[in-house]
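Dumping the structure here so I can ask a few things about it.
Atom set for the values below is all heavy atoms of this structure, side chains included, hydrogens, waters and symmetry mates excluded.
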Amino acid sequence: MCARFTLMMPSWQDVWKLLQFEYREEDAAAYRPRYNIAPTSQHWVLFRANDKRMMTRAKWGLIPRWSKDAKLASRMINARLETVAEKPAYRSAFKDRRCIVPADGFYEWTGPEGDRQPLWIHPKEGGLLLIAGLYEDWNDPANGPVRTFTIVTRDAEEPIRAVHDRMPLLVRDDAVDAWIGPGTPDAAALAMPTEALDLRRVSKRVNSPRVDEPSLVEPIA
DNA sequence: CCAGACGTTGTT
DNA sequence: GTCTGG
DNA sequence: CCAGACGTTGTT
DNA sequence: GTCTGG
């Protein structure tokens, strides 16, 4: 699907605003959010608030409950929408543990091998993308409980299709509950229209996984 | 029966 | 060339 | 996807 | 945990 999602990690107040909740400090004590929110090293991830466990952090790379070790994590960063209901590693999470990963954009590469041009794909009008995800709570024999998640991918639509065949499943702002909530989500009905996306050429500095800072998404000539 | 996989095309 | 790590 | 390692306790 | 392959 893509490389690193985001550099400008939205503040959780921004995420709240996007979901049309007005967070006020003075209400914090009495606040009963509909969603739980957990930080990763660079994202926030939204979970249903009915989830009893309050996890402090989440890690990208889904580890099924039955895993004996964490080796699977690096291969479980994406889940294909087409098969997610059947795959042994994902179907349980797809049924009961869906989440949303807000991001300001994601990367894709295009062009000839050896001279690949990175693109930053983001909403034309700004704001956040809501990426559909799945999560699991896994008990690491070595380090205790950890919440892990993965990103759901689908066939690309224009304009992304011009550069790549896959893309993340992007959820409409008003369909967060439809994805996170109970029941079987209808991906086609909750997908965000992609014509509102812009593909922006950005610096090849983004190629280095070690470089990550806001200037990476600035347009280049 | 047991052993081995369990996943996608891509991070952090 | 091929594998691993991010 | 891309970047970076690729190896051991050491010599002709 | 559950399925597939041998």
Fill in the blank from the handout: Ranking E:dC3, C:dG5, B:dT8 by distance to the side chain of A:Arg91, first place goes to E:dC3
Fill in the blank from the handout: Between the CZ atom in A:Arg48 and the CH2 atom in A:Trp179, the distance rounded to the nearest 0.5 Å is 13.5 Å
Problem - A:Thr153 side-chain N/O to B:dT9 phosphate OP1/OP2 under 4.0 Å - result: yes
Practice task
For B:dG7 and D:dA3, measure between their P atoms and round to the nearest Å.
Solution key: 29 Å
Handout entry: Sole residue of A:Leu197, A:Asp104, A:Val171 in side-chain contact (heavy atoms from CB on, under 4.5 Å) with A:Leu129
Key = A:Leu197
Exercise for the section: Let me know the distance between CG of A:Leu169 and P of B:dT8, rounded to the nearest Å. Expected result: 14 Å
Handout entry: Plane angle bin for A:Trp120 and A:His122 - parallel if under 30°, tilted between 30 and 60°, otherwise perpendicular
Key = parallel
Exercise for the section: Report which part of the nucleic acid A:Ser74 touches: base, sugar-phosphate, or nothing (heavy-atom distance under 4.0 Å, all strands). Expected result: base
Practice task
For D:dC2, take OP1 and OP2 only and decide whether either is under 4.0 Å from a side-chain N or O of A:Arg116.
Solution key: yes
Handout entry: Candidates B:dG7, D:dA3, B:dT9 - which lies nearest the side chain of A:Asn207
Key = D:dA3
Practice task
State, to 0.1 Å, how close A:Arg166 and A:Ile160 come at their nearest heavy-atom pair, and which atoms those are.
Solution key: O-CG2, 4.2 Å
Problem - Selected nucleotide, minimal atom distance to A:Thr83 side chain, candidates D:dC2, B:dT8, B:dG7 - result: B:dT8
Handout entry: Rounded interatomic separation in angstrom, taking NE2 from A:His164 and P from D:dC2
Key = 10 Å
Handout entry: Side-chain N or O of A:Arg80 closer than 4.0 Å to phosphate OP1/OP2 of B:dT9
Key = yes
Problem - A:Arg201 side chain vs A:Leu119 backbone, donor-acceptor pair below 3.5 Å - result: no
Fill in the blank from the handout: Sorted by position of nearest nucleotide on DNA chain B, 5' first, the leading residue of A:Met76 and A:Ala73 is A:Met76
Problem - Rounded distance in Å between the P positions of C:dT4 and D:dT8 - result: 15 Å
Exercise for the section: May I ask which nucleotide in the shown strands pairs with B:dC6, Watson-Crick or G-U wobble, both distances under 3.5 Å? Expected result: E:dG1
Practice task
Would you check if A:Trp66 stacks with the base of B:dC6, given a 5.5 Å centroid limit and a 30° plane limit, both strict?
Solution key: yes
Exercise for the section: Compare side-chain N and O positions of A:Ser67 against OP1 and OP2 of B:dA5 and report whether any pair is under 4.0 Å apart. Expected result: no
Exercise for the section: Rounded off to whole Å, could you give me the CD1-to-C1' distance for the A:Ile77 and D:dC2 pair? Expected result: 12 Å
Handout entry: Separation of atom CZ in A:Arg154 from atom P in B:dT9, rounded to whole Å
Key = 13 Å
Exercise for the section: Establish, yes or no, whether the cationic atom of A:Arg97 lies under 6.0 Å from the six-membered ring centre of A:Phe149 and within 45° of the ring axis. Expected result: no
Handout entry: Distance below 4.0 Å between A:Arg75 side-chain N/O and B:dT8 OP1 or OP2
Key = no
Handout entry: Atom-to-atom span, CG of A:Asn78 to C1' of D:dC1 - whole angstrom
Key = 11 Å
Fill in the blank from the handout: When rounded to whole Å, the CZ to C1' distance for the pair A:Arg210 and D:dC1 reads 17 Å
Exercise for the section: Rounded to the nearest angstrom, tell me the gap between atom CZ in A:Phe94 and atom P in E:dG1. Expected result: 23 Å
Practice task
Would you classify A:Lys59 as touching base, sugar-phosphate or nothing, given that sugar-phosphate means primed atoms plus P, OP1 and OP2, and contacts are heavy atoms under 4.0 Å?
Solution key: nothing
Exercise for the section: In whole angstrom, give me the gap between the C1' atoms of D:dC2 and B:dT9. Expected result: 13 Å
Problem - Nucleotide D:dC1, atom C1' - distance to CG of A:Asp165 in whole Å - result: 13 Å
